[in-house]
Protein chains: 2
Amino acid sequence: MPALSTRQQIVEKADALFYAGGFEATSFADIAAALGISRGNFYYHFRTKDEILDAVIDRRMENTRAMLGNWAEEDDAPKDRILSFVRILVTNRTKIMAFGCPVGTLSTELAKLDHAAHGRAAEIFAMYREWLSDQFRAGGQGDRADSLAMHLLGRVQGVAVMMTAFPDEDFIRREVGEIEIWLGTLFEPDIRN
Amino acid sequence: MPALSTRQQIVEKADALFYAGGFEATSFADIAAALGISRGNFYYHFRTKDEILDAVIDRRMENTRAMLGNWAEEDDAPKDRILSFVRILVTNRTKIMAFGCPVGTLSTELAKLDHAAHGRAAEIFAMYREWLSDQFRAGGQGDRADSLAMHLLGRVQGVAVMMTAFPDEDFIRREVGEIEIWLGTLFEPDIRN
DNA sequence: ACAGAATTAGGTCATTTGTCCTAATTAATC
DNA sequence: GATTAATTAGGACAAATGACCTAATTCTGT
(Lines give C-alpha, C1' and ligand atoms only; values in the text may rest on other atoms or scores of the structure.)
Protein backbone atom coordinates (compact mmCIF):
# COMPACT_ATOMS: atom_id res chain seq x y z
CA MET A 1 0.00 0.00 0.00
CA PRO A 2 1.96 2.99 -1.25
CA ALA A 3 1.63 6.27 0.52
CA LEU A 4 0.73 7.84 -2.82
CA SER A 5 -0.75 6.37 -5.95
CA THR A 6 1.44 6.25 -9.01
CA ARG A 7 -0.70 8.90 -10.61
CA GLN A 8 -0.32 11.18 -7.61
CA GLN A 9 3.42 10.59 -7.60
CA ILE A 10 3.62 11.54 -11.27
CA VAL A 11 1.66 14.73 -10.76
CA GLU A 12 3.70 15.68 -7.71
CA LYS A 13 7.03 15.08 -9.43
CA ALA A 14 5.86 16.78 -12.62
CA ASP A 15 4.78 19.78 -10.56
CA ALA A 16 8.21 20.07 -8.99
CA LEU A 17 10.08 19.51 -12.27
CA PHE A 18 7.89 21.95 -14.21
CA TYR A 19 8.60 24.53 -11.55
CA ALA A 20 12.33 23.94 -11.34
CA GLY A 21 13.01 23.37 -15.02
CA GLY A 22 10.06 24.73 -16.95
CA PHE A 23 7.24 22.91 -18.73
CA GLU A 24 8.77 22.80 -22.20
CA ALA A 25 12.20 21.70 -21.01
CA THR A 26 10.84 18.86 -18.85
CA SER A 27 10.28 15.64 -20.81
CA PHE A 28 8.27 12.49 -20.17
CA ALA A 29 11.57 10.69 -19.65
CA ASP A 30 12.68 13.21 -17.03
CA ILE A 31 9.59 12.63 -14.92
CA ALA A 32 9.60 8.85 -15.35
CA ALA A 33 13.31 8.63 -14.57
CA ALA A 34 12.94 10.82 -11.49
CA LEU A 35 10.28 8.42 -10.21
CA GLY A 36 11.97 5.25 -11.38
CA ILE A 37 8.96 4.10 -13.36
CA SER A 38 8.74 2.96 -16.97
CA ARG A 39 7.53 5.15 -19.79
CA GLY A 40 4.76 2.67 -20.47
CA ASN A 41 3.45 2.98 -16.95
CA PHE A 42 3.62 6.72 -17.36
CA TYR A 43 1.67 6.55 -20.59
CA TYR A 44 -1.04 4.50 -18.91
CA HIS A 45 -1.80 7.40 -16.59
CA PHE A 46 -1.21 10.31 -18.96
CA ARG A 47 -1.46 9.99 -22.70
CA THR A 48 -0.22 13.45 -23.60
CA LYS A 49 1.98 16.07 -22.03
CA ASP A 50 -0.95 18.45 -21.93
CA GLU A 51 -2.84 16.01 -19.72
CA ILE A 52 -0.03 16.11 -17.17
CA LEU A 53 0.01 19.89 -17.32
CA ASP A 54 -3.73 19.95 -16.68
CA ALA A 55 -3.30 17.65 -13.69
CA VAL A 56 -0.44 19.78 -12.37
CA ILE A 57 -2.53 22.91 -12.65
CA ASP A 58 -5.40 21.12 -10.87
CA ARG A 59 -3.04 20.17 -8.08
CA ARG A 60 -1.71 23.69 -7.78
CA MET A 61 -5.22 25.10 -7.61
CA GLU A 62 -6.14 22.67 -4.85
CA ASN A 63 -2.98 23.46 -2.92
CA THR A 64 -3.55 27.17 -3.38
CA ARG A 65 -7.14 26.91 -2.23
CA ALA A 66 -6.00 25.02 0.86
CA MET A 67 -3.24 27.53 1.62
CA LEU A 68 -5.54 30.52 1.27
CA GLY A 69 -8.05 28.75 3.50
CA ASN A 70 -5.38 28.16 6.14
CA TRP A 71 -4.32 31.79 6.13
CA ALA A 72 -7.93 32.80 6.63
CA GLU A 73 -8.22 30.37 9.56
CA GLU A 74 -4.97 31.40 11.21
CA ASP A 75 -5.79 35.09 11.29
CA ASP A 76 -9.02 36.98 11.78
CA ALA A 77 -7.78 40.39 10.73
CA PRO A 78 -7.70 40.94 6.95
CA LYS A 79 -4.41 42.77 7.27
CA ASP A 80 -2.75 39.79 8.96
CA ARG A 81 -4.14 37.45 6.34
CA ILE A 82 -2.65 39.59 3.59
CA LEU A 83 0.64 39.67 5.46
CA SER A 84 0.74 35.89 5.34
CA PHE A 85 0.56 36.16 1.59
CA VAL A 86 3.30 38.77 1.33
CA ARG A 87 5.63 36.80 3.56
CA ILE A 88 5.79 33.81 1.24
CA LEU A 89 8.45 35.91 -0.48
CA VAL A 90 10.61 35.47 2.60
CA THR A 91 9.51 31.94 3.44
CA ASN A 92 10.15 30.60 -0.06
CA ARG A 93 13.03 32.93 -0.86
CA THR A 94 15.52 30.18 -1.67
CA LYS A 95 13.32 28.54 -4.27
CA ILE A 96 12.12 31.85 -5.68
CA MET A 97 15.69 33.08 -6.13
CA ALA A 98 16.43 29.90 -8.09
CA PHE A 99 13.22 29.38 -10.07
CA GLY A 100 11.02 32.43 -9.64
CA CYS A 101 7.36 32.35 -8.58
CA PRO A 102 5.65 29.11 -9.66
CA VAL A 103 2.49 30.97 -10.64
CA GLY A 104 4.10 33.82 -12.54
CA THR A 105 6.71 31.76 -14.37
CA LEU A 106 4.19 29.16 -15.52
CA SER A 107 1.84 31.86 -16.73
CA THR A 108 4.52 33.65 -18.75
CA GLU A 109 5.91 30.42 -20.18
CA LEU A 110 2.51 29.20 -21.35
CA ALA A 111 1.84 32.65 -22.82
CA LYS A 112 4.98 32.40 -24.94
CA LEU A 113 4.14 28.85 -25.99
CA ASP A 114 0.67 30.09 -26.92
CA HIS A 115 -0.51 27.06 -24.96
CA ALA A 116 -4.20 26.30 -24.55
CA ALA A 117 -3.71 25.92 -20.79
CA HIS A 118 -2.50 29.50 -20.37
CA GLY A 119 -6.00 30.51 -19.33
CA ARG A 120 -6.06 27.82 -16.66
CA ALA A 121 -2.71 28.98 -15.34
CA ALA A 122 -4.11 32.49 -15.13
CA GLU A 123 -6.95 31.06 -13.04
CA ILE A 124 -4.44 30.36 -10.28
CA PHE A 125 -3.60 34.04 -10.37
CA ALA A 126 -7.32 34.77 -10.28
CA MET A 127 -7.67 32.74 -7.09
CA TYR A 128 -5.10 34.91 -5.36
CA ARG A 129 -6.69 38.01 -6.84
CA GLU A 130 -10.13 37.14 -5.54
CA TRP A 131 -8.87 36.08 -2.13
CA LEU A 132 -6.85 39.26 -1.73
CA SER A 133 -9.78 41.24 -3.02
CA ASP A 134 -11.99 39.67 -0.35
CA GLN A 135 -9.49 40.57 2.36
CA PHE A 136 -9.20 44.18 1.21
CA ARG A 137 -12.97 44.40 1.04
CA ALA A 138 -13.29 42.93 4.53
CA GLY A 139 -10.72 45.51 5.59
CA GLY A 140 -13.04 48.27 4.49
CA GLN A 141 -11.48 49.13 1.14
CA GLY A 142 -14.75 48.82 -0.73
CA ASP A 143 -14.50 49.54 -4.44
CA ARG A 144 -10.73 49.77 -4.31
CA ALA A 145 -10.44 46.17 -3.12
CA ASP A 146 -9.84 44.60 -6.51
CA SER A 147 -7.41 47.29 -7.63
CA LEU A 148 -5.47 46.87 -4.43
CA ALA A 149 -5.41 43.11 -4.91
CA MET A 150 -3.99 43.49 -8.42
CA HIS A 151 -1.50 46.05 -7.19
CA LEU A 152 -0.24 43.83 -4.39
CA LEU A 153 -0.05 40.78 -6.66
CA GLY A 154 2.06 42.83 -9.06
CA ARG A 155 4.34 44.06 -6.30
CA VAL A 156 4.99 40.51 -5.14
CA GLN A 157 5.50 39.22 -8.69
CA GLY A 158 7.93 42.01 -9.37
CA VAL A 159 10.01 41.20 -6.32
CA ALA A 160 10.02 37.53 -7.36
CA VAL A 161 11.34 38.37 -10.83
CA MET A 162 14.04 40.64 -9.43
CA MET A 163 15.07 37.94 -6.96
CA THR A 164 16.03 35.56 -9.76
CA ALA A 165 18.23 38.21 -11.37
CA PHE A 166 19.67 39.65 -8.14
CA PRO A 167 19.62 37.05 -5.33
CA ASP A 168 19.87 39.66 -2.62
CA GLU A 169 18.23 38.89 0.71
CA ASP A 170 18.38 42.53 1.77
CA PHE A 171 16.34 43.53 -1.26
CA ILE A 172 13.63 41.02 -0.37
CA ARG A 173 13.35 42.17 3.20
CA ARG A 174 13.41 45.83 2.20
CA GLU A 175 10.58 45.34 -0.30
CA VAL A 176 8.54 43.19 2.08
CA GLY A 177 9.08 45.81 4.74
CA GLU A 178 7.83 48.56 2.46
CA ILE A 179 4.76 46.54 1.54
CA GLU A 180 4.08 46.01 5.25
CA ILE A 181 4.30 49.74 5.85
CA TRP A 182 1.99 50.37 2.90
CA LEU A 183 -0.51 47.87 4.33
CA GLY A 184 -0.21 49.58 7.68
CA THR A 185 -1.18 52.97 6.30
CA LEU A 186 -4.01 51.36 4.31
CA PHE A 187 -5.58 49.68 7.30
CA GLU A 188 -5.06 52.51 9.77
CA PRO A 189 -6.11 55.53 7.76
CA ASP A 190 -6.21 57.81 10.79
CA ILE A 191 -2.49 57.40 11.35
CA ARG A 192 -1.39 58.79 8.00
CA ASN A 193 0.44 62.04 8.44
CA MET B 1 24.49 44.70 -51.08
CA PRO B 2 21.94 43.54 -48.51
CA ALA B 3 20.67 45.98 -45.95
CA LEU B 4 21.74 43.56 -43.24
CA SER B 5 24.33 40.83 -43.19
CA THR B 6 23.11 37.27 -42.83
CA ARG B 7 24.59 37.14 -39.39
CA GLN B 8 22.73 40.28 -38.36
CA GLN B 9 19.52 38.92 -39.82
CA ILE B 10 19.93 35.71 -37.84
CA VAL B 11 20.54 37.55 -34.58
CA GLU B 12 17.62 39.88 -35.20
CA LYS B 13 15.19 37.06 -36.00
CA ALA B 14 16.48 34.92 -33.14
CA ASP B 15 15.97 37.86 -30.80
CA ALA B 16 12.35 38.22 -31.87
CA LEU B 17 11.65 34.47 -31.78
CA PHE B 18 13.32 33.98 -28.40
CA TYR B 19 11.15 36.76 -27.06
CA ALA B 20 7.89 35.59 -28.58
CA GLY B 21 8.37 31.86 -28.10
CA GLY B 22 11.08 31.39 -25.52
CA PHE B 23 14.69 30.29 -25.91
CA GLU B 24 14.19 26.57 -25.29
CA ALA B 25 11.13 26.28 -27.53
CA THR B 26 12.77 28.05 -30.48
CA SER B 27 14.84 25.71 -32.64
CA PHE B 28 17.57 26.24 -35.23
CA ALA B 29 15.05 25.20 -37.85
CA ASP B 30 12.54 27.80 -36.66
CA ILE B 31 15.03 30.61 -37.11
CA ALA B 32 16.36 29.35 -40.43
CA ALA B 33 12.85 28.79 -41.79
CA ALA B 34 11.73 32.24 -40.69
CA LEU B 35 14.63 33.75 -42.65
CA GLY B 36 14.43 31.38 -45.61
CA ILE B 37 18.06 30.30 -45.29
CA SER B 38 19.53 26.81 -45.14
CA ARG B 39 20.62 25.13 -41.94
CA GLY B 40 24.13 24.87 -43.32
CA ASN B 41 24.32 28.58 -43.83
CA PHE B 42 23.03 29.02 -40.32
CA TYR B 43 25.69 26.69 -38.96
CA TYR B 44 28.37 28.66 -40.72
CA HIS B 45 27.54 31.69 -38.62
CA PHE B 46 26.63 30.01 -35.33
CA ARG B 47 27.92 26.60 -34.37
CA THR B 48 25.84 26.16 -31.21
CA LYS B 49 22.59 27.44 -29.83
CA ASP B 50 24.42 29.05 -26.95
CA GLU B 51 26.41 31.14 -29.43
CA ILE B 52 23.19 32.57 -30.84
CA LEU B 53 21.95 33.28 -27.36
CA ASP B 54 25.16 35.11 -26.58
CA ALA B 55 24.80 37.18 -29.73
CA VAL B 56 21.16 37.93 -28.93
CA ILE B 57 22.11 39.08 -25.44
CA ASP B 58 24.87 41.25 -26.94
CA ARG B 59 22.35 42.80 -29.29
CA ARG B 60 19.90 43.45 -26.49
CA MET B 61 22.57 45.08 -24.41
CA GLU B 62 23.55 47.35 -27.27
CA ASN B 63 19.94 48.26 -27.95
CA THR B 64 19.33 48.88 -24.28
CA ARG B 65 22.41 51.06 -23.99
CA ALA B 66 21.23 53.08 -26.99
CA MET B 67 17.70 53.43 -25.62
CA LEU B 68 18.88 54.56 -22.19
CA GLY B 69 21.19 57.03 -23.90
CA ASN B 70 18.32 58.41 -25.95
CA TRP B 71 16.15 58.89 -22.90
CA ALA B 72 18.99 60.76 -21.24
CA GLU B 73 19.33 62.97 -24.32
CA GLU B 74 15.64 63.67 -24.71
CA ASP B 75 15.13 64.84 -21.15
CA ASP B 76 17.32 66.77 -18.78
CA ALA B 77 15.33 66.22 -15.64
CA PRO B 78 16.00 62.85 -13.95
CA LYS B 79 12.31 62.50 -13.19
CA ASP B 80 11.38 62.80 -16.86
CA ARG B 81 14.07 60.31 -17.82
CA ILE B 82 12.69 57.81 -15.35
CA LEU B 83 9.19 58.45 -16.68
CA SER B 84 10.40 57.44 -20.14
CA PHE B 85 11.39 54.11 -18.64
CA VAL B 86 8.09 53.57 -16.85
CA ARG B 87 6.06 54.39 -19.93
CA ILE B 88 7.49 51.53 -21.97
CA LEU B 89 4.79 49.56 -20.16
CA VAL B 90 2.21 51.57 -22.07
CA THR B 91 4.17 51.89 -25.30
CA ASN B 92 4.89 48.16 -25.57
CA ARG B 93 1.70 46.99 -23.89
CA THR B 94 0.54 44.79 -26.76
CA LYS B 95 3.74 42.76 -26.89
CA ILE B 96 4.07 42.65 -23.12
CA MET B 97 0.52 41.34 -22.72
CA ALA B 98 1.39 38.57 -25.20
CA PHE B 99 4.97 37.70 -24.24
CA GLY B 100 5.86 39.53 -21.04
CA CYS B 101 8.94 41.68 -20.57
CA PRO B 102 11.85 40.51 -22.75
CA VAL B 103 14.36 41.11 -19.96
CA GLY B 104 12.41 39.49 -17.15
CA THR B 105 11.18 36.47 -19.08
CA LEU B 106 14.62 35.64 -20.48
CA SER B 107 16.15 35.95 -17.03
CA THR B 108 13.62 33.62 -15.42
CA GLU B 109 13.78 31.09 -18.26
CA LEU B 110 17.58 30.90 -18.15
CA ALA B 111 17.39 30.57 -14.37
CA LYS B 112 15.14 27.52 -14.71
CA LEU B 113 17.34 26.03 -17.41
CA ASP B 114 20.33 26.61 -15.12
CA HIS B 115 21.92 28.09 -18.22
CA ALA B 116 25.42 29.50 -18.15
CA ALA B 117 24.18 32.71 -19.81
CA HIS B 118 21.80 33.51 -16.96
CA GLY B 119 24.36 35.84 -15.51
CA ARG B 120 24.69 37.70 -18.80
CA ALA B 121 20.90 38.06 -19.00
CA ALA B 122 20.97 39.53 -15.51
CA GLU B 123 23.51 42.04 -16.77
CA ILE B 124 20.80 43.59 -18.92
CA PHE B 125 18.82 44.08 -15.74
CA ALA B 126 21.93 45.54 -14.18
CA MET B 127 22.14 48.12 -16.97
CA TYR B 128 18.64 49.37 -16.16
CA ARG B 129 19.43 49.24 -12.47
CA GLU B 130 22.55 51.36 -12.83
CA TRP B 131 20.92 53.81 -15.20
CA LEU B 132 17.91 54.26 -12.92
CA SER B 133 20.24 54.49 -9.96
CA ASP B 134 22.13 57.29 -11.71
CA GLN B 135 18.91 59.15 -12.37
CA PHE B 136 17.72 58.85 -8.79
CA ARG B 137 21.12 59.99 -7.57
CA ALA B 138 21.03 62.94 -9.96
CA GLY B 139 17.58 63.65 -8.56
CA GLY B 140 19.05 64.05 -5.12
CA GLN B 141 18.17 60.68 -3.67
CA GLY B 142 21.71 59.97 -2.53
CA ASP B 143 22.17 56.67 -0.75
CA ARG B 144 18.64 55.59 -1.51
CA ALA B 145 19.24 55.76 -5.26
CA ASP B 146 20.05 52.08 -5.77
CA SER B 147 17.23 50.89 -3.53
CA LEU B 148 14.81 53.08 -5.43
CA ALA B 149 16.12 51.75 -8.73
CA MET B 150 15.56 48.16 -7.63
CA HIS B 151 12.14 49.06 -6.28
CA LEU B 152 11.05 50.68 -9.51
CA LEU B 153 12.43 47.84 -11.63
CA GLY B 154 10.43 45.42 -9.51
CA ARG B 155 7.27 47.48 -9.82
CA VAL B 156 7.58 47.51 -13.61
CA GLN B 157 8.40 43.80 -13.77
CA GLY B 158 5.41 43.00 -11.60
CA VAL B 159 3.05 44.92 -13.84
CA ALA B 160 4.51 43.11 -16.86
CA VAL B 161 3.89 39.70 -15.31
CA MET B 162 0.33 40.60 -14.35
CA MET B 163 -0.32 41.91 -17.85
CA THR B 164 0.28 38.47 -19.38
CA ALA B 165 -2.21 36.88 -16.99
CA PHE B 166 -4.78 39.69 -17.07
CA PRO B 167 -4.57 41.68 -20.31
CA ASP B 168 -6.33 44.68 -18.85
CA GLU B 169 -5.41 48.10 -20.22
CA ASP B 170 -7.02 49.84 -17.25
CA PHE B 171 -4.75 47.98 -14.88
CA ILE B 172 -1.66 49.11 -16.79
CA ARG B 173 -2.67 52.75 -16.80
CA ARG B 174 -3.67 52.64 -13.15
CA GLU B 175 -0.32 51.19 -12.12
CA VAL B 176 1.66 53.53 -14.34
CA GLY B 177 -0.35 56.40 -12.91
CA GLU B 178 0.45 55.35 -9.36
CA ILE B 179 4.13 55.06 -10.17
CA GLU B 180 4.01 58.56 -11.66
CA ILE B 181 2.44 59.90 -8.48
CA TRP B 182 5.05 58.10 -6.42
CA LEU B 183 7.80 59.68 -8.54
CA GLY B 184 6.13 63.04 -8.13
CA THR B 185 6.24 62.86 -4.34
CA LEU B 186 9.85 61.64 -4.49
CA PHE B 187 11.08 64.50 -6.59
CA GLU B 188 9.07 67.23 -4.91
CA PRO B 189 9.50 66.43 -1.24
CA ASP B 190 8.11 69.79 -0.06
CA ILE B 191 4.73 69.01 -1.58
CA ARG B 192 4.03 65.88 0.48
CA ASN B 193 1.18 66.50 2.86
C1' DA C 1 -9.30 -20.03 -6.26
C1' DC C 2 -10.37 -17.68 -10.12
C1' DA C 3 -11.93 -14.34 -13.75
C1' DG C 4 -11.68 -9.78 -14.99
C1' DA C 5 -9.93 -5.29 -14.32
C1' DA C 6 -6.23 -2.33 -13.29
C1' DT C 7 -1.56 -1.46 -13.56
C1' DT C 8 3.22 -1.88 -15.07
C1' DA C 9 7.26 -3.06 -18.03
C1' DG C 10 9.58 -2.80 -22.07
C1' DG C 11 10.02 -1.83 -26.58
C1' DT C 12 8.65 0.58 -31.18
C1' DC C 13 7.76 4.46 -34.22
C1' DA C 14 8.04 8.79 -36.86
C1' DT C 15 9.63 13.31 -36.01
C1' DT C 16 12.50 16.77 -34.34
C1' DT C 17 16.52 18.27 -32.10
C1' DG C 18 21.39 20.20 -32.13
C1' DT C 19 25.47 19.32 -34.41
C1' DC C 20 28.38 18.52 -38.25
C1' DC C 21 30.37 17.74 -43.16
C1' DT C 22 31.12 18.44 -48.02
C1' DA C 23 30.28 20.50 -52.28
C1' DA C 24 28.87 24.41 -54.72
C1' DT C 25 28.56 29.27 -55.31
C1' DT C 26 29.73 34.04 -54.61
C1' DA C 27 32.86 37.80 -53.31
C1' DA C 28 37.42 39.75 -52.74
C1' DT C 29 42.28 40.26 -53.89
C1' DC C 30 46.23 40.35 -56.62
C1' DG D 1 41.60 36.98 -65.20
C1' DA D 2 43.20 33.78 -61.81
C1' DT D 3 43.47 32.47 -57.12
C1' DT D 4 41.92 32.55 -52.75
C1' DA D 5 38.65 33.47 -49.11
C1' DA D 6 33.99 33.94 -47.60
C1' DT D 7 29.50 32.38 -47.80
C1' DT D 8 25.66 29.31 -48.85
C1' DA D 9 23.10 24.99 -49.99
C1' DG D 10 21.78 20.60 -49.01
C1' DG D 11 22.13 17.07 -46.98
C1' DA D 12 23.68 13.42 -42.87
C1' DC D 13 24.16 11.99 -38.18
C1' DA D 14 23.10 10.25 -33.37
C1' DA D 15 20.29 11.36 -29.74
C1' DA D 16 16.06 12.69 -27.76
C1' DT D 17 11.20 13.64 -28.06
C1' DG D 18 6.09 12.66 -27.64
C1' DA D 19 3.16 9.15 -28.72
C1' DC D 20 1.77 4.41 -29.01
C1' DC D 21 1.32 -0.88 -28.55
C1' DT D 22 1.48 -5.41 -26.57
C1' DA D 23 2.59 -8.61 -23.17
C1' DA D 24 3.25 -9.47 -18.50
C1' DT D 25 2.10 -8.66 -13.77
C1' DT D 26 -0.66 -7.26 -9.82
C1' DC D 27 -4.82 -6.20 -7.68
C1' DT D 28 -10.00 -6.88 -6.75
C1' DG D 29 -14.29 -8.87 -6.12
C1' DT D 30 -16.59 -13.08 -5.92
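What you see below is based on every heavy atom in this structure, not just the backbone, and it leaves out hydrogens, waters and symmetry mates.
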Inset, instruction - Grab the CD1-C1' distance between B:I37 and C:dT25 for me, whole Å please. - result: 16 Å

Ignoring hydrogens and angles, write down the donor-acceptor pairs under 3.5 Å from the side chains of residues 64-73 of chain B, residues two or more places apart or on other chains.
from, atom 1, to, atom 2, distance (Å)
B:T64, OG1, B:R60, O, 2.6

Inset, instruction - Check whether any side-chain nitrogen or oxygen of B:Y44 sits under 4.0 Å from OP1 or OP2 of D:dT8, and answer yes or no. - result: no

Legend entry - Value in whole Å for how far the P atom of D:dG18 lies from CZ of A:R47: 16 Å

Inset, instruction - Using whole Å, report how far CZ of A:F42 lies from P of C:dT7. - result: 16 Å

Legend entry - Side chain B:Y19, main chain B:G100, donor-acceptor under 3.5 Å: yes

Legend entry - side-chain contact (heavy atoms from CB on, under 4.5 Å) against B:A138, all qualifying residues, sequence neighbours excluded: B:P78

Inset, instruction - Could you grab the distance from atom CZ of A:R144 to atom CE of A:M150, nearest 0.5 Å is fine? - result: 16.0 Å

Inset, instruction - For B:R81, check salt bridge (Lys or Arg N to Asp or Glu O under 4.0 Å) against everything at least two apart and list the hits. - result: none

Could you list all N or O pairs between the protein and nucleotides 10-15 of chain C that sit under 3.5 Å apart?
from, atom 1, to, atom 2, distance (Å)
C:dG10, O6, A:G40, N, 3.4

Inset, instruction - Under 4.0 Å from any atom of DNA chain C, heavy atoms only: list the residues of residues 48-58 of chain B that qualify, in numerical order. - result: B:T48, B:K49

Close N/O contacts between protein and nucleotides 22-26 of chain D (under 3.5 Å):
none

Inset, instruction - Return no unless some side-chain N or O of B:H45 is found under 4.0 Å from OP1 or OP2 of D:dA6. - result: no

Legend entry - Residues in salt bridge (Lys or Arg N to Asp or Glu O under 4.0 Å) contact with B:E12, at least two apart in sequence or another chain: B:R59

Extract from the structure each pairing of a protein N or O with an N or O of nucleotides 14-16 of chain D at less than 3.5 Å, listing the distance.
none

Inset, instruction - Go through the steps to decide whether A:F166 and B:R129 satisfy the test side chain to side chain contact (heavy atoms under 4.5 Å, CB included), and finish with yes or no. - result: CA-CA 11 Å; A:F166 304 102; B:R129 177 182 182 172; 3.3 Å; yes

Legend entry - side-chain contact (heavy atoms from CB on, under 4.5 Å) involving B:D58 - partner list, sequence neighbours excluded: B:R120

Legend entry - Side chain of B:F28 - closest among C:dT19, C:dT17, C:dT7: C:dT19

Inset, instruction - Please confirm whether the backbone N or O of A:L186 pairs with a side-chain atom of A:Q141, one donor and one acceptor, at under 3.5 Å? - result: yes

Inset, instruction - Nearest 0.5 Å please: distance from the CD1 atom of B:I52 over to the NE2 atom of B:H45. - result: 11.5 Å

Legend entry - Check: B:K95 side chain, B:P102 main-chain N or O, donor-acceptor pair, under 3.5 Å: no

Inset, instruction - Go through residues 105-118 of chain A and report each residue with a non-hydrogen atom lying under 4.0 Å from DNA chain C, sorted by number. - result: none

Inset, instruction - In whole angstrom, give the distance that lies between atom CZ of A:R7 and atom P of C:dA6. - result: 14 Å

Inset, instruction - Tell me, please, which residues at least two apart from A:K13 pass side-chain contact (heavy atoms from CB on, under 4.5 Å). - result: A:L17, A:I31, A:A34, A:L35

Legend entry - Side-chain donor or acceptor of B:S107 paired with backbone N/O of B:V103 under 3.5 Å: no

Legend entry - side-chain hydrogen bond (donor to acceptor under 3.5 Å, both in side chains): pairs with one or both residues in residues 20-36 of chain B, sequence neighbours excluded: B:S27-B:D30

Legend entry - B:R137 bridged to B:D134 by N-O distance under 4.0 Å: yes

Legend entry - B:I124 side, atom CD1; B:Y128 side, atom OH - distance, nearest 0.5 Å: 8.0 Å

Inset, instruction - Kindly say if B:T6 contacts the phosphate of D:dT8, meaning a side-chain N or O under 4.0 Å from OP1 or OP2. - result: yes

